[in-house]
Structure formats: C-alpha cells, structure tokens
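Scroll down for the structure; my scribbles are underneath it.
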Amino acid sequence: MHVSVCNGATQLCIFEQWVEPAVGAPTHWHPVEEVLTVIAGRAEMWIDDEHLVLTAGQSLVVAAHRQHGFRNVGSELLHIHAVRHQFLRQRLTDLQTW
C-alpha cells in the first residue's frame with residue numbers, strides 16, 4: 001500500500017496490484033466509494049451484472065455498497081491502481097499486519 005493508516009493516513013487508502021493472467025478479485029463490496037484505474041494490461045471489471053473491459057488509462061468508479069470485482073483478461077501482467085476511503089475494518093486489518 002502506498003497510503004494507509006500504517007504510514008499516517010487517516011482517510012485514504014491508495015494501493016497498487018500486479019495481477020497474473022486469469023486472476024483477479026472476486027465479487028465483493030465496500031461501505032465506501034472506490035476508483036480502480038488500469039495502469040497496464042486488460043481488465044474485465046464489473047459492478048453488479050454490468051461487465052466492461054478496461055485498458056491502460058481507463059478508470060472505473062464504484063459507488064459504495066455495490067458488488068464489484070475484476071480479473072485479468074489479457075496475456076500480460078495487469079497493473080491496477082486503487083483509491084478508496086479507509087474504512088474502520090481496513091484500518092484494523094492494516095494495524096494487525098503492520
């Protein structure tokens with residue numbers, strides 16, 4: 001993580017992921033808004049039942065409480081940048097793994 005409670009942030013969580021082909025994040029939700037940006041590669045991203053393929057430079061804004069996820073649909077490593085509010089559960093998880 002670039003920014004989290006572990007390095008002094010009180011509101012934001014900013015992180016990057018590098019994801020192998022055919023791998024991703026299963027459907028999940030957060031109590032806060034999240035912005036996912038593809039830095040490199042091709043990602044299938046979804047919100048509820050709507051699926052989109054995003055490529056480098058494209059972003060998806062996920063509203064709070066919406067089911068969403070992604071997977072790498074390319075043959076290269078997928079690089080994703082994510083920004084969201086750091087809700088309490090995440091803060092506690094960060095502190096436990098610090």
Walk me through whether Val23 and Asn72 qualify under side chain to side chain contact (heavy atoms under 4.5 Å, CB included).
CA-CA 6 Å; Val23 178; Asn72 182 348; 5.7 Å; no
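- Glu16 and His79 are linked by a side-chain donor-acceptor pair at a separation below 3.5 angstrom, with hydrogens and angles left out of the test.
- Here the closest heavy-atom approach between residue Pro31 and residue Ala64 is recorded as O-CB, 3.6 Å.
- Across Val32 and His85, no two heavy atoms sit closer than the pair CG2-O, 3.5 Å.
- The distance from the CD1 atom of Ile39 to the CH2 atom of Trp18 is 9.0 Å, given to the nearest 0.5 Å.
- Between Leu77 and Val19, the shortest heavy-atom contact is CD1-O, 3.4 Å.
- For the atom pair Gln67 CD and Trp29 CH2, the distance stands at 8.5 Å (nearest 0.5 Å).
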Show your reasoning for whether side chain to side chain contact (heavy atoms under 4.5 Å, CB included) applies to Val38 and Gln58.
CA-CA 6 Å; Val38 175; Gln58 294 182 307; 5.5 Å; no
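- A search for side-chain hydrogen bond (donor to acceptor under 3.5 Å, both in side chains) contacts involving His28 returns His30, His68, not counting sequence neighbours.
- Residue-environment remark: CD (Glu76) stays at or below the threshold of 12 foreign heavy atoms within 6.0 Å.
- Side-chain contact between Phe15 and Arg84: present, with at least one pair of heavy atoms (C-beta onward) separated by less than 4.5 Å.
- For the pair Leu78/Arg71, no side-chain contact is recorded, criterion being any heavy-atom separation below 4.5 Å from C-beta on.
- The side chain to side chain contact (heavy atoms under 4.5 Å, CB included) check on His51 picks up Glu44, Trp46, with sequence neighbours excluded.
- Among all heavy-atom pairs drawn from Phe70 and Gln17, the shortest one is CZ-OE1, 3.6 Å.
- Residue Leu60 comes nearest to Leu54 through the heavy atom pair N-CD2, 3.9 Å, listed as atom of the first residue, atom of the second, then distance.
- The two residues Pro21 and Ser75 make their nearest non-hydrogen contact at CG-O, 3.5 Å.
- Linking Ile, Leu, Val, Met, Phe, Trp and Tyr residues whenever their side-chain heavy atoms come within less than 4.5 Å places Ile47 and Met45 in a single cluster.
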